[in-house]
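Notes to accompany the following structure.
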Amino acid sequence: MSGRTKLGVLVSGSGSNLQALLDACARPDFPAEVAVVVSNVPTAFALERAKKAGVAAVVLEHKAFGSRADFEKALAEKLVAAGVEWVCLAGFMRLLGVDFLGRFAGKVLNIHPSLLPAFPGLHAQRQALERGVKLAGCTVHFVDPGMDTGPIIAQAVVPVLPGDDEAALTARILKEEHRLYPLVVKLVATGAVRLEGGRVVSEAGPAVGELSLRNPGEPG
Ligand code: GRF
């Protein structure tokens, strides 16, 4: 498919969400492609996933820059040079500042392993278990300068089961992350979901309803 929306995916770790996006982009009818993957961690396994998929993989170590502003300027330049229109954070462990976000205004997404606004930040699954919630899940949202605070696009819910430990709950949520992120990317790439005046506007109709609540165990 020609004229597909170009994505830049920012990673710091394993990159299983990157893999879900790469797999979706491999389908000929998917409206987006991954143009470049940038990691701030040189050892991130996500870089191997990018290379295996034939996608440009770039390391930009934040520690190598004198300031956060310099790092983010270099990051933005890499993305612009690759023709990126949408930026997808996929396990990227840095906050982004207003200058960077202004260059990709309303076009930066993140996925977080909790039902935001509950449990932002690190170890969301552990926080959920410690509080004893009965429902957990994941959220895809637009990125603002805060920690997991931007406008919410879609969520998927999973149960917390008796006997769950952090690994079990993480795995159950991750399965939903891998389904939800490509679906949202498809919606934003086609313009069915967008940010207007700081709020999420959706013309996705029942598609987003389907995303928002889904019984675990349904085929997907
Ligand atoms: C995911 O749980 C994602 O929601 C969070 O960081 C984790 C990244 O995992 N932001 P992976 O690198 O995509 O496997």
Side-chain angles (χ1 to χ4, degrees), residues 7-26 32 34 36-53 55 57-62 75 86-96 100-101 108-131 133 135-160 164-185 188 211-212 214 216 220:
L7 309 175
V9 184
L10 308 189
V11 297
S12 302
S14 150
S16 69
N17 278 287
L18 165 67
Q19 191 66 56
L21 293 173
L22 289 167
D23 292 347
C25 291
V34 180
V36 65
V37 171
V38 185
S39 175
N40 66 317
V41 176
T43 54
F45 184 64
L47 291 162
E48 304 307 317
R49 297 180 190 270
K51 285 178 203 154
K52 198 168 170 209
V55 168
V58 174
V59 175
L60 268 189
E61 275 192 274
H62 59 279
L75 181 59
W86 283 84
V87 181
C88 299
L89 312 190
F92 182 65
M93 304 300 281
R94 311 288 306 167
L95 287 176
L96 293 167
F100 180 93
L101 294 172
V108 186
L109 304 174
N110 182 43
I111 186 156
H112 182 75
S114 78
L115 297 174
L116 291 171
F119 313 130
L122 290 176
H123 308 303
Q125 304 92 335
R126 191 186 306 168
Q127 294 183 57
L129 286 170
E130 283 170 0
R131 284 300 292 268
V133 296
L135 295 172
C138 56
T139 302
V140 179
H141 63 93
F142 285 105
V143 173
D144 69 10
M147 174 84 83
D148 305 316
T149 48
I152 290 169
I153 301 169
Q155 296 182 307
V157 179
V158 302
V160 179
D164 268 354
D165 58 12
E166 200 177 335
L169 182 58
T170 296
R172 195 175 304 121
I173 294 172
L174 210 45
K175 196 164 166 231
E176 291 302 304
E177 294 186 41
H178 299 161
R179 184 182 65 81
L180 195 66
Y181 213 176
L183 275 168
V184 172
V185 166
V188 300
L211 294 182
S212 304
R214 189 167 153 281

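Not measured: the values here are computed from a predicted model. Indexing begins at 1, ligand by ligand and atom by atom, following the structure's order.
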Can you check whether Val55 reaches Cys25 side chain to side chain, under 4.5 Å on heavy atoms? no

Mind checking whether Leu122 and Met93 have side chains closer than 4.5 Å, heavy atoms only? yes

Roughly how far, to the nearest 0.5 Å, is the OG atom of Ser16 from the CG atom of Leu22? 11.0 Å

Output for pair (Phe45 CZ, Leu18 CG), nearest 0.5 Å, gives 10.5 Å

I'd like to check which ligand 1 atoms, numbered from 1 as shown, lie under 4.0 Å from a non-hydrogen atom of [X].
| X | value |
| --- | --- |
| Ser16 | 11 (P), 12 (O), 13 (O), 14 (O) |
| Ile111 | 3 (C), 4 (O), 5 (C), 10 (N) |
| Gly91 | 6 (O), 8 (C), 10 (N) |
| His112 | 4 (O) |

For ligand 1, find out whether one of its N or O atoms is nearer than 3.5 Å to an N or O atom of Asn17. yes

Under 3.5 Å, is there a donor-acceptor pair between the side chain of Glu176 and the main chain of Val157? no

Would you say the side-chain atoms of Arg49 pair up with the backbone N or O of Ser14, donor to acceptor, closer than 3.5 Å? yes

Just to be sure I read this right, does ligand 1 sit under 4.0 Å from the backbone of Glu177, its side chain, both, or neither, counting only heavy atoms? side chain

Return yes when Gly15 approaches ligand 1 closer than 4.0 angstrom through a heavy atom, no otherwise. yes

